[in-house]
Amino acid sequence: MTDKKIEVKGLTLVFGKNRERGIKLLEQGKTIQEIREETGIAIGVNNVSFDVEEGEMFVIVGLSGSGKSSLIRCMNLLNIPTRGELLIDGENIVNYDKEQLKELRRNKVAMVFQHFGLLSHRTVLKNVEYGLEVQGVDETQRKKKSLETIELVGLAGWEDYFPRQLSGGMKQRVGLARALTNEPEILLMDEPFSALDPLIRRDMQKELLSIEDYMDKTIVFITHDMNEAFRLGDRVALLKDGELVQLGKPKEFFENPANDYVKSFIEDVDKSRILRVKSIMEKPTIVGTKGQNRLELVEQLVELQIEHCYVINEEQVLIGYVELEKLKNSQQETIDKSIDRNYEAINRNAYLSDIWTKLSESDIEVAITDKRNRLKGVINYEAVVEALS
Ligand SMILES: Nc1ncnc2c1ncn2[C@@H]1O[C@H](COP(=O)(O)OP(=O)(O)O)[C@@H](O)[C@H]1O
Ligand SMILES: [Mg+2]
């Protein structure tokens with residue numbers, strides 16, 4: 001089941017006053033460079049369509065000037081699309097009135113910017129509280145909420161500092177905390193880490209993945225860096241001249257580059273460092289449930305010719321695995337006494353380069369879990385070898 005959180009349909013954005021003329025020229029087949037050179041009309045996005053699924057980390061990547069900011073700013077109507085639709089939870093937001101827009105920005109969509117956008121005369125805590133303050137949330141409540149997100153982004157202890165006393169990485173953590181405090185369903189991030197040093201950037205990428213893993217938010221993330229795009233994205237959309245060149249999972253870019261432009265774009269990427277477990281894991285063929293009837297599971301395993309399977313509880317949390325032989329020999333009514341808890345799972349956000357040892361030491365498929373230890377998939381050695389070849 002996939003839930004579409006955002007749907008972008010035939011979206012075109014022309015800047016300035018001559019918008020209709022811009023659209024006409026596009027319809028005549030002119031490129032946006034031709035239009036810019038001949039008429040001076042600037043076009044940010046040219047007929048782009050895609051969906052973002054609920055809970056997805058969706059990355060938009062492209063060189064500077066390719067239209068990334070133009071596009072993401074349509075998602076909270078900082079830019080108003082000239083043509084096309086933009087649906088959030090199935091509702092077209094393009095014609096929203098002021099009130100609806102206010103609601104949208106207040107409750108559903110938050111944005112994190114490259115240059116932090118912090119209020120310099122306010123402390124970390126007061127910056128993070130700002131959104132709730134505007135909404136009129138009472139002081140105790142907003143402080144409580146803000147302290148939680150400050151802790152979540154790793155800034156506990158820094159509440160009373162001012163932005164000028166913080167490093168770039170810390171400022172961006174404040175930006176992130178501020179966006180999260182409103183508990184938005186969708187987080188829009190426009191090159192949030194581009195101003196940071198490479199090492200700090202790595203930290204922030206990790207932090208973001210861990211927050212995402214924990215909170216299951218829908219995130220649209222923009223970057224001009226292909227490595228960053230592939231490290232973070234469940235799916236990646238590559239933009240060039242305002243158009244969508246390719247959209248897919250990171251591994252699909254390697255397996256099936258759409259054209260030579262894509263090939264040259266991905267040339268310098270080290271696959272094992274950017275491909276994540278979750279991009280190549282598979283759904284387990286069969287999963288046992290705590291309390292399940294033993295003979296029923298035996299029958300299913302025999303039928304599928306499978307020797308073992310993982311077992312979850314009613315919250316999808318992984319609790320162990322069972323082996324067919326053991327199950328057969330058990331005298332119990334349920335499978336519970338046969339569950340072996342001696343397993344090592346891998347987090348779904350791990351990079352392939354980090355999991356070799358665990359994989360090669362395990363003779364059964366390795367379980368993939370999220371931060372709450374919910375079973376998300378399984379992976380085996382061959383699949384990893386294949387993905388990297
Ligand atoms: N407010 C604006 N008015 C006119 N042209 C703009 C405006 N914002 C962006 N553009 C143009 O739209 C194109 C895409 O820009 P942008 O979306 O900022 O690219 P990116 O974020 O990928 O670097 C560029 O040619 C840029 O000059
Ligand atoms: Mg930009």
Side-chain angles (χ1 to χ4, degrees), residues 6 8-27 30-50 52 57-84 86 93-94 101 109-117 168 171-172 175-176 179 186-196 201 204-205 208 219-233 235-247 253 258 261-262 264-266:
I6 307 173
V8 178
K9 297 184 176 179
L11 192 110
T12 297
L13 175 70
V14 183
F15 289 106
K17 294 212 176 86
N18 293 314
R19 292 195 286 274
E20 289 309 315
R21 181 141 176 254
I23 296 280
K24 270 218 181 87
L25 292 167
L26 282 175
E27 280 168 1
K30 296 219 184 248
T31 68
I32 66 174
Q33 287 94 323
E34 285 167 351
I35 296 173
R36 189 182 329 110
E37 280 159 23
E38 290 166 20
T39 67
I41 297 173
I43 295 168
V45 183
N46 183 6
N47 194 18
V48 165
S49 301
F50 59 85
V52 179
M57 173 82 84
F58 189 91
V59 175
I60 300 171
V61 66
L63 300 176
S64 171
S66 57
K68 306 181 297 295
S69 295
S70 303
L71 175 56
I72 200 171
R73 291 163 68 92
C74 289
M75 295 180 185
N76 61 356
L77 293 192
L78 283 174
N79 286 337
I80 299 181
T82 316
R83 275 284 186 286
L86 209 154
I93 65 164
V94 172
L101 187 54
V109 183
M111 192 144 177
V112 178
F113 300 91
Q114 179 178 353
H115 292 293
F116 323 127
K171 281 184 201 162
Q172 197 50 289
L176 190 54
I186 299 170
L187 201 54
L188 305 176
M189 308 183 78
D190 191 354
E191 304 218 27
F193 305 153
S194 297
L196 308 176
R201 198 153 153 187
M204 290 299 289
Q205 290 168 357
L208 181 65
I219 301 181
V220 180
F221 186 100
I222 285 194
T223 177
H224 61 260
D225 175 349
M226 207 64 191
N227 280 290
E228 183 166 74
F230 284 155
R231 284 178 72 86
L232 293 176
R235 286 188 305 151
V236 174
L238 173 59
L239 282 191
K240 178 176 184 280
D241 301 329
E243 290 181 50
L244 190 59
V245 181
Q246 183 158 0
L247 167 64
F253 279 73
Y261 182 76
V262 179
S264 69
F265 217 90
I266 62 178

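One-based numbering, in listed order, for ligands and for the atoms of each. For this chain, numbers begin at 1 and follow the sequence in order.
Of the protein's non-hydrogen atoms, F15 CE1, 3.4 Å is the one closest to atom 10 (N) of ligand 1. Among protein heavy atoms, atom 19 (O) of ligand 1 sits closest to G67 N, 3.3 Å. Of the protein's non-hydrogen atoms, the one nearest atom 25 (O) of ligand 1 is R36 NH2, 4.1 Å. Taking atom 23 (O) of ligand 1 as the reference point, the nearest protein heavy-atom neighbour is G65 N, 2.7 Å. Of the protein's non-hydrogen atoms, S69 CB, 3.8 Å is the one closest to atom 18 (O) of ligand 1.
Just one residue in the list N46, N47, T31 forms a side chain to side chain donor-acceptor pair (under 3.5 Å) with E243, and that residue is N46.
In terms of modelled atom types and a separation under 3.5 Å, the side chain of S49 and the main chain of G10 share a donor-acceptor contact. Using modelled atom types, no side-chain atom of T223 and backbone atom of V61 make a donor-acceptor pair closer than 3.5 Å. With Q246 contributing its side chain and A258 its backbone, the two residues share a donor-acceptor pair below 3.5 Å. Between the side chain of N79 and the main chain of R73, no donor-acceptor pair closer than 3.5 Å is present. Using modelled atom types, one side-chain atom of S66 and one backbone atom of L63 make a donor-acceptor pair closer than 3.5 Å.
In plain terms, the two heavy atoms of I222 and K68 that are nearest each other are CD1-O, 3.1 Å. Heavy atoms only, all atoms of each residue included: V220 and I72 are closest at O-CD1, 3.7 Å.
The backbone of L63, and not its side chain, has at least one atom closer than 4.0 Å to an atom of ligand 1 (non-hydrogen atoms only; backbone = N, CA, C, O).
At least one N, O or S atom of S69 sits under 2.8 Å from the Mg ion (ligand 2).
Listed by atom number, the atoms of ligand 1 under 4.0 Å from S64 heavy atoms are 23 (O).
For atom 17 (O) of ligand 1, the choice among A42, G40, S70, G44 with the nearest heavy atom turns out to be S70.
Protein heavy atoms are found inside the 4.0 Å sphere centred on atom 8 (N) of ligand 1.
At a 4.0 Å cut-off, not a single heavy atom of G62 sits close enough to ligand 1 to count as contact.
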